[in-house]
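Written out below as structure tokens is the structure these notes cover.
Protein chains get the first letters and strands the later ones, always in sequence-line order, with residue 1 at the start of each.
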Amino acid sequence: MTLAALLSHWMRNKVQLAMLLAGLMLATALWSGVQALNAQARGAYATAAALMSEDGAASLVAPSGQMDQAVFAQLRGQGVLVSPVVEGRLRLGDTRLTLLGIEPLTAPQGTAAALADGDLQAFFAGAGFAHPETLADLGDPPLPLSPSSAVPVGTLLVDIGTAQRLLGMEGQISRLLLTGPAPRPLPEGLQLAQASEGAELAGLTDSFHLNLTAFGALAFAVGLFIVHSAVGLAFEQRRGLFRTLRSLGVPLRALTLALALELALMALVAGLAGLALGYVLAAALLPDVAATLRGLYGAPVPGSLQFSPAWALAGLGMAFAGAALAGAQALWRLWHMPVLAPAQPRAWAMATGRAMRWQVAGALGLGGLAVALALLGDGLFAGFALLAAALLAAALLTPPLLALGLRGASRLAQAPVVQWFWADSRQNLPRLSLALMALMLALAANIGVGTMVASFRATFIDWLDQRLVAEMTITPRDAAEAQTLEAFIAPRVQAVLPLRRVDATLVGQPGAVYAMRDHATFRDNWPLIAQVPNVWDRLATEEGALINEQLARRAGLWPGDSIALPGAGDVPILGVYPDYGNPLTQAIVTESWFDRLFPGTPTRQLAIRTDNPAGTRAALLDEFGLSAQAITDQAQAKQLSLAIFERTFLITGALNVLTLSVAALALFATLVTLSGLRLVQLAPLWAMGLTLRQLAGLELARALMLAGLTMVLALPVGLMLAQVLLAVINVQAFGWRLPLQVFPADWAQLALWAGLAMLAAAAWPAWRLWRGGGGPLLRVFAYER
Amino acid sequence: MTRLALEDIRKSFASAEGAVPVLQGVSLAVDGGEVVALTGESGSGKSTLLHIAAGLEAPDAGRVLVAGQDMASLPDAGRARLRRGTVGLVFQQFNLVPSLSVGANLAFQARLAGVHDPAFCADLAARLGLTEYLRRYPEQLSGGQQQRVAIGRALAAKPKVLLADEPTGNLDEATGDAVFVLMLELARAQGTALLLVTHSARLAGQCDRNLHLRAGRLA
Ligand SMILES: Nc1ncnc2c1ncn2[C@@H]1O[C@H](COP(=O)(O)OP(=O)(O)O)[C@@H](O)[C@H]1O
Ligand SMILES: [Mg+2]
């Protein structure tokens, strides 16, 4: 009965109801969507970890990255529980894959799961397993493959013999997985490697997931703002009804319960809808997220989403918690409402002034915290806390700053309508401030992330030009072909620069050591961000090594320090080079030294310098008989790298559009709920001779003006955000630091978008005002209020 | 000289039971300097008639002549222009602009019409007893003060016609009487044609003429 009376309000205020449900739905959807993405990715890392071992199983490795397979038999003979693994990169057509060769009989249980329902006989005979998505990407694989979702995306699981054959590693293995305790002492020439790949990926990708979670939380909060304002407004409008019901004898307890029930009902409806939307959203974003994770960290994340009931329950719980949070104030006020109290006219000027002072105080406090974090903080979490504090401070400062600007403008205004325009905008600011804060945050996030990505792109393109100077690169099938190829092509071109590397653990982190030939190609082009004098001469004379920026920043090692290289002991660091897009650590030594340290390492690629790329290509194809697939020319390589780069930041584009949409929705919700109140403020002007068209036009102009001012405020905040991302977050997360560059054209475009979003939000109320024919305004004059 | 003339005004509103006639051929004329009271039961159509006279609402049939111009035949922009410079409106609910100070409210319509005269405005404020409140905001004034601002705002533009819809309806008797007397005095002094709606027979008695609206017609 009571509930029916309460609910009847919504029948008459359908837009309000729609806003409330939309806000709650959106909050639930974005939060649970992000959770689904995170869960999916973490699940994939766990798959990768499980395939190799039970959590944290160690392995035995040789400094050169390879060992003779006789070591395996020898250790098994001594009773040490080990299982051999062959690991390498394989290129099939355009797809790069990880080839993982195992020995099923000794492999740990995690690996066995992938084989559980497979045909072991066929496996020994050269068949393999791959994730269904990898299979779909491959099209026509050179070996029989069966689908298994226990294999990470981008990996082929094969028998160890098959792997040796495909990688040209006959008689060699990459490492020995320990399935029991490590032998004491360690066998001669072998080292213990602790890290398991899953844990590494989880660590590397933490920042990314923290990022996503922060975005989800932000969207959830904005959604709750929408719900809060809708609930609050409905409460104000139903004050009379509450009073009537109370005087009719409905006990306060029952009334409060009915209101809570109403809220719960809405949470259920909106929560379910939000879950459905969140699932769709996550499914739509997952390919971008997976591409980003693969591009940034090489993390194998499949692009199709799985449904989990626990996730659904958690999402529904968030919807209820959110509704309770947003409705708590209304319930509290109902509980404390006297039965027969007249509506108290509020002195808006004073109330607003007080609220603004609190906001400024809060902003200053948070700003202080941000400065403290910037000066004293360390690590990724401190970086994000710094960002959150600074953004929140900026958001809180937005309404007071806008008020200041509007006051100044109204002082300067001459014409009465213009004066009213500014004064009225200022008066309505408190009611709009939440939505404007959301817009400010969305714009700042867009500017910040956009600037970060664009700065990265600019730096990346320069860097590619410096790194990819070889006119072409050829990839031999195996070590033998590499030798004949080099002999064949060397007399025909200016230079052949072979690429050799061994996987290695550098300062406890996974990475590789590369060989570099002493050649002008590198001396003239190879970018360095820090170096000792005569770095190239000293590198050539085997005085030390170059390391990549990731390694330098993570380990805090710079020219003048030294680093332990496998087999070489402590080696002086001669220079540090940027190495964007690579999650792993790297060191470079000169070729002659490398060959002594790691004899027998096969050449993986040959970079070729030539004046005549077309002729060289023809010679390789026609005379040598190389397949066209084995040749990558410079343009192709650049294109490929750029394509990977663009894919890497797909997700940021999607998130930017989403945040802006959420802000636009918050604005729309606010403007629509305000439009009733606006009528009272606009009616006198209409009576005094402004046309409806002028009034509607002024409403639109006000919306645009506020969007414009918010954009102006968002600019410095966005640049600050970009600076923190580039100088703090990126360094912590990826290990590289980039210079900030500004792109005013992007800002203009964003301003255009903000204006459009604002127009979209303001268009409907303005249209109703214009086309309403004055009817709604007349009611202001005619009816009792 | 006739400042406001309504000729055979008809208006009905659509409702669930079909069109409900509210005004069924109303004609009246008000001269400059004349004060005419319009009375009638609640719901008899007084406000509707005033809204039509102000061009806020269009009649179904009939002519509205304001200072010789046919309001009903003008487009929206033309009606707005006429409201700006020629018609003053005072409502029961005051309807001040909440974001503007009392002083800005007082001068608003005159400035809008382009006839703002600071000296005249100051004089008006003094006569309405508002001089010390010019910097305040409408919310900070009492009802009587707010209605005086509304009257001053309408008169500052020196309108040819002043339309007032129950201007004292929200005020207590003493305040209402004082506001009423002031309005009559100022309107007469400016030679404005004043058509006002009131429920009070006592106040109607102080006007030059009384019109009574019943069943859609004037009696
Ligand atoms: N916009 C409207 N739509 C429908 N009916 C209306 C509208 N405006 C007024 N009415 C009806 O017209 C009649 C006259 O209203 P009104 O002019 O406000 O009366 P008064 O001012 O004399 O009390 C009333 O019955 C009212 O319900
Ligand atoms: Mg009325």
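Shown here for B/Leu89 and A/Ala687, the closest heavy-atom pair between the two residues is CD1-O, 3.6 Å.
No side-chain heavy atom of B/Ser99 sits under 4.5 Å from any side-chain heavy atom of A/Arg426. Side-chain contact between B/Leu100 and A/Asp424: absent, with no pair of heavy atoms (C-beta onward) separated by less than 4.5 Å. Contact check for A/Met688 versus B/Val97: side-chain heavy atoms found under the 4.5 Å cut-off.
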**Prompt:** Could you walk me through whether A/Leu685 and B/Leu112 pass the side-chain contact (heavy atoms from CB on, under 4.5 Å) check?
**Reply:** CA-CA 10 Å; A/Leu685 286 115; B/Leu112 212 55; 5.8 Å; no

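Summarising the local packing, NZ of B/Lys11 is surrounded by more than 12 heavy atoms from other residues, nucleotides or ligands at distances under 6.0 Å. With a 6.0 Å radius and a threshold of 12 heavy atoms from other residues, nucleotides or ligands, B/Glu41 has its CD atom at or below the threshold.
For chain A, the nearby parts of B/Ala77 are the backbone and the side chain; heavy atoms of each come within less than 4.5 Å. Contacts of B/Leu82 with chain A are absent, with no heavy-atom separation under 4.5 Å from either backbone or side chain. Proximity to chain A (any heavy atom under 4.5 Å) is shown, for B/Arg79, by neither the backbone nor the side chain. Neither the backbone nor the side chain of A/Leu682 comes within contact range of chain B, judged by heavy atoms closer than 4.5 Å.
One finds the NE2 atom of B/His51 at 5.5 Å from the CG atom of A/Leu778 (value rounded to the nearest 0.5 Å).
For A/Arg693 (side chain) and B/Asp76 (main-chain N/O), no donor-acceptor pair under 3.5 Å exists by modelled atom type.
Contacts between residues 758-768 of chain A and chain B, defined by a heavy-atom separation under 4.5 Å, are made by no residue at all. Heavy-atom proximity under 4.5 angstrom to chain B picks out A/Gln414, A/Ala415, A/Pro416, A/Val417, A/Gln419, A/Trp420, A/Ala423 from residues 404-423 of chain A.
Between chain B and the options A/Gly775, A/Gly689, A/Ala683, the largest number of non-hydrogen pairs under 4.5 Å is found for A/Gly689.
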